[in-house]
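Note that these values count all heavy atoms, side chains included, but never hydrogens, waters or copies made by symmetry. Small disclaimer: the values here were computed from a predicted structure and weren't measured.
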Amino acid sequence: MNVPALRRPVRRLWPQKVRTRLTLIYAALFFAAGLALLALTYGLVASSLPARPPAATTGLSSQELNFLNRECKPPTPAEKRKGPSPLSTSIVAECKQAGAAYEAGAASGSQAQRQRALADLLEFSLVGLAVMTVASGGLGWFMSGRVLRPVRVITETARRASEQHLGERLALTGARDELMELADTFDGMLERLDEAFATQRRFVANASHELRTPLTVMRTAIDVTLAKPSPTARQLTDMAMRVRRSIDQAESMVEALLTLAVSDQGKLSTEFTDLATCAEDAIDGAAPEIERLDLHVNTELDPAETTGDPQLLERMIQNLVDNAVRHNEPGGWIRLRTGSSDAGAYLEIANSGPFIPDDAVPSLFEPFRRMEARAGVRDGVGLGLSIARSVVTAHHAIVTARSQPAGGLDIAVVIPRDLAAGMHP
């Protein structure tokens, strides 16, 4: 017997609308409860009605009752000693027949009356149950419509929502029930989507602008050189160097964008990595620029083993070190510490430099945000701290940044032990 095949017709007959299903469920529950109450009432009434008439009930008049009592009374002892007379014998027989006929008639009448009362009770109860079931169905249709009204509002808003219409909100009012929580959750989702699309549009616009800059420089250098009647070898060499610098800048930006995309996807390899080793390699890589600016580097690189993607963690630390070097001042300082604590593996890096307002610190982690007006630094692609934050988020870590009163920035990254352990396959 194919059970799924038998279920298909039932599923086709079962209403698809939630409101219709709720109405049928309400009516069916009311009918079942009413039927049970009807059966209980019918049983109690049937048990309370006597099947035979009471012994004290005769249905005769007082004269007939007195006549029967007088004529049908049992003989006295004196009459018994005299012997039964033919007349008395016949009267006794007639009395017995009359009594038997009366009892049979009374029982038949009582039974007919009982059956008629039970039949009327059952008929009226069934009619009332049917009417009330239909009424409960209508009331259920009305109430289910009222209950499902917020769901229809959510559905209509979801249909209207698109990339260009994410600013609309449900903003339902009323009791804090499950539908209100659903509406608030939907509003929160729309808000996050709106923010994500706005961030994506800003990112695309900024990336297009930043990539257009090196292309414009290359085109200008080529056009200026070609516009000359007979460019010299030095002019051609200068043009080639400018084009090469622009190509390197575009390549760095594309590489940074790819790293940011890979980090945002969250698909990471899980290997044991020591943040201290990555920090040491980052300092070695930035040594030429550190020497050029005459920066004083103070390092305390204690073991800080954790689990994560080694390439992304290395890129994160490299970006933090490059940011500390690039946005520093000649003769400044850099302090770099790594280690392990109860919270997990941590890395702290601080540097001197121009003063940064506290309200401007969070914006430094946005793509293509630079403090050029205050720092006077115009190199870089503006994605270093954005990539660092993306890598931190992908590793379920925590990054905090604060400005220093004397100038510069202090950044701390903590990779919790439990989250790092959960990433291990």
Side-chain angles (χ1 to χ4, degrees), residues 11 14-29 137 139-207 260-268 270 308-309 312 343-344 359 361-367 369 385-401 413-424:
R11 291 178 179 176
W14 184 247
Q16 301 298 320
K17 296 290 186 180
V18 177
R19 186 177 184 180
T20 306
R21 291 202 298 265
L22 289 177
T23 302
L24 292 178
I25 292 174
Y26 294 155
L29 291 177
L139 184 61
W141 176 267
F142 174 75
M143 292 304 299
S144 61
R146 292 290 300 272
V147 172
L148 295 175
R149 183 179 300 172
V151 178
R152 292 197 299 271
V153 174
I154 294 174
T155 303
E156 294 172 358
T157 305
R159 287 174 179 172
R160 291 193 301 267
S162 64
E163 184 178 350
Q164 288 76 26
H165 300 85
L166 291 176
E168 188 175 357
R169 300 292 182 268
L170 298 174
L172 291 182
T173 59
R176 300 295 302 178
D177 53 6
E178 290 80 0
L179 292 178
M180 178 64 71
E181 294 179 359
L182 176 61
D184 292 343
T185 303
F186 187 78
D187 285 343
M189 182 190 66
L190 287 180
E191 185 174 357
R192 290 191 298 271
L193 286 176
D194 192 10
E195 183 178 356
F197 277 112
T199 303
Q200 183 185 29
R201 286 192 292 268
R202 288 195 304 267
F203 179 83
V204 172
N206 292 331
L260 185 62
V262 172
S263 179
D264 287 340
Q265 288 179 357
K267 299 178 180 179
L268 310 176
T270 53
D309 192 307
L312 291 180
D359 56 353
V361 172
S363 64
L364 296 178
F365 290 87
E366 296 295 330
R369 293 295 181 91
L385 293 183
S386 299
I387 293 175
R389 184 185 63 176
S390 178
V391 173
V392 166
T393 303
H395 287 81
H396 307 286
I398 302 171
V399 58
T400 56
V413 177
V414 179
I415 302 179
R417 292 185 181 276
D418 53 347
L419 294 178
M423 294 178 59
H424 191 64

From [X] atom [atom1] to [Y] atom [atom2], the distance as rounded to the nearest 0.5 Å:
X: D194; Y: D187; atom1: CG; atom2: CG; value: 12.0 Å
X: F365; Y: I387; atom1: CZ; atom2: CD1; value: 13.0 Å
X: L364; Y: R389; atom1: CG; atom2: CZ; value: 10.5 Å

(request) Check whether any side-chain heavy atom of T185 lies under 4.5 Å from a side-chain heavy atom of M189, and answer yes or no. (result) no

(request) State, yes or no, whether a side-chain contact exists between L22 and W141 at a heavy-atom distance under 4.5 Å. (result) no

Donor-acceptor pair, [X] side chain versus [Y] backbone, under 3.5 Å?
X: H395; Y: D309; answer: yes
X: R19; Y: L148; answer: no
X: T270; Y: G308; answer: no

Between [X] and [Y], which heavy-atom pair has the shortest distance, and what is it?
X: V392; Y: V413; result: CG2-CG1, 3.9 Å
X: A27; Y: G137; result: CB-CA, 4.1 Å
X: V414; Y: A397; result: O-CB, 3.2 Å
X: S144; Y: T23; result: OG-OG1, 3.7 Å

(message) Please enumerate all residues that pass side chain to side chain contact (heavy atoms under 4.5 Å, CB included) together with I398, with sequence neighbours excluded.
(response) T400

(request) Check side chain to side chain contact (heavy atoms under 4.5 Å, CB included) between V361 and all other residues, then give those that pass, not counting sequence neighbours. (result) I356, A401, S403, L409

(message) With side chain to side chain contact (heavy atoms under 4.5 Å, CB included) as the criterion, how do Y26 and L139 come out once you've worked through the C-alpha distance, each side chain's angles and the decisive distance to 0.1 Å?
(response) CA-CA 9 Å; Y26 294 155; L139 184 61; over 6 Å; no

